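Below: one structure, written as structure tokens.
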Amino acid sequence: MNTSTPFNPAYEEIIKFIASGVTPQSLVEFQVSETVKERVAELIFREKNETLSTEEKSELDHYMVLEHLLRLAKAHAYEFITEE
Amino acid sequence: MDRPYLNKELRRLVASRADFLCEYCLIEEKYTALGCTIDHIISIKHGGSSDADNLAYCCVFCNRFKGSDIGSIVWKNKEFIRFYHPRWDNWSEHFQLDDSHIQPLTTIGEVTARILGFNDQPRLLERRILISKKRYPSSSAINKMNL
């Protein structure tokens, strides 16, 4: 089966984060790198100024899904932490 | 149009001035994964500057939904209403937290909540869980909500 290379750089970070073993504590502390944050900010800015390609729009859509998923997971993780 | 360069010092000022909260929906940055971005309150398209008084700390959802808009129309009286402006306005005058909903109290609050998607289903779900874990509103958000 052919699997395409993910073009979304956040995937790699998140996949490595999961693969290395997630604890509730590491999850609540998790944030993507400055590089990915910068990429998201760039895409949002360019969307505002109507210079986003279809692929980039799809990339930004993926970030939004990841953000939602991780916000939920991070919030739930507090169930398993007694103190910060 | 190139994205204006905002130096580290200016970014730090915007973040700390906001107490690391999104200045619109008041989620604290640490409960996000992508962090917060810096929003031009009046978009560059509409002549907004990159001075500190036109910048706001803003989560990725609020920032993306806001786009380059500066307000919206209220159709019943065909009136254009500007968005909530974090530097000019008090949050608690325009919004009120009602369970997990951010209820608008004014027309400014109404257009802002609608366009920025404050009460879209995914965000209500996030807020509901954060509230149940006592992570929203955070202590500095409580101040802004005037609770």
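Note: hydrogens, waters and symmetry copies are ignored here, and every other heavy atom, side chains too, is used. As the structure is a prediction and not an experimental result, all values here were calculated from the model. Below, chains carry the letters A, B, ... as their sequence lines are ordered, and counting in each starts from 1.
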Report task. Consider only side-chain heavy atoms of I, L, V, M, F, W and Y, link residues closer than 4.5 Å, and tell whether Val22(A) and Leu72(A) are in one cluster. Result -> no
Query raised in the report: Relative to chain A, which segment of Asp2(B) carries a heavy atom at a distance below 4.5 Å: side chain, backbone, both, or neither?
Result: backbone
**Report entry** SB check Glu38(A) Arg3(B) (cutoff 4.0 Å)
**Finding:** yes
Report summary line: Taken to the nearest 0.5 Å, the spacing of His68(A) NE2 from Glu126(B) CD works out to 5.5 Å
Requested in this report: Dump the intermediate steps for salt bridge (charged side-chain N to carboxylate O under 4.0 Å, His left out) on Arg64(B) and Asp61(A), then the final yes or no.
Outcome: CA-CA 10 Å; Arg64(B) 190 182 189 192; Asp61(A) 289 341; 2.8 Å; yes
Query - Path from Ile142(B) to Ile131(B) over hydrophobic side-chain contacts below 4.5 Å - result: yes
Query raised in the report: Linking I/L/V/M/F/W/Y whenever their side-chain heavy atoms sit closer than 4.5 Å, directly or via other members, would Met64(A) and Val36(A) fall into one cluster?
Result: yes
Query raised in the report: Going by residue number, which parts of residues 13-24 of chain B are within reach of chain A, meaning a heavy-atom gap below 4.5 Å?
Result: none
Query raised in the report: Under a 4.5 Å side-chain heavy-atom rule over Ile, Leu, Val, Met, Phe, Trp and Tyr, are Leu26(B) and Leu147(B) clustered together?
Result: yes
Requested in this report: Would you please go through residues 92-121 of chain B and name the residues with a non-hydrogen atom below 4.5 Å from one of chain A, in numerical order?
Outcome: none
Report task. Go through Thr32(B), Leu130(B), Ile27(B) and name the one with the most non-hydrogen pairs under 4.5 angstrom from chain A. Result -> Thr32(B)
Query raised in the report: Would you find more than 12 non-hydrogen atoms of other residues, nucleotides or ligands less than 6.0 Å from Glu9(B) atom CD?
Result: no
**Report entry** Hphob cluster co-occupancy, Leu52(A) + Tyr63(A), side-chain heavy atoms under 4.5 angstrom
**Finding:** yes
Query raised in the report: Rounded to the nearest 0.5 Å, how far apart are CD1 of Ile129(B) and OH of Tyr78(A)?
Result: 13.0 Å
Requested in this report: Report yes or no: does Lys74(A) contribute a side-chain atom to a donor-acceptor pair with the main-chain N or O of Lys30(B) at less than 3.5 Å?
Outcome: yes
Query raised in the report: Which residues, ordered by chain and number, are linked to Trp88(B) in its hydrophobic cluster, where ILVMFWY side chains connect at heavy-atom gaps below 4.5 Å, directly or through other members?
Result: none
**Report entry** Minimum heavy-atom distance between Leu34(B) and Glu67(A), given as atom pair plus value
**Finding:** N-OE1, 2.8 Å
Report summary line: Scored by heavy-atom pairs under 4.5 Å with chain B, the best of Val40(A), Leu60(A), Thr51(A) is Leu60(A)
Query raised in the report: Is it the side chain or the backbone of Gln31(A) that comes within 4.5 Å of chain B heavy atoms, both, or neither?
Result: both
Requested in this report: Answer yes or no on whether Arg71(A) is positioned over the face of Tyr31(B), meaning its NZ or CZ is under 6.0 Å from the six-membered ring centre and within 45° of the axis.
Outcome: no
Requested in this report: Enumerate by number any residue of residues 35-61 of chain B whose heavy atoms lie under 4.5 Å from heavy atoms of chain A; in the absence of such residues, state 'none'.
Outcome: Gly35(B), Thr37(B), Asp39(B), Ile44(B), Lys45(B), Cys59(B), Val60(B), Phe61(B)
Query raised in the report: So, does Lys48(A) use its side chain to make a donor-acceptor pair with the main chain of Gly67(B) at under 3.5 Å?
Result: yes
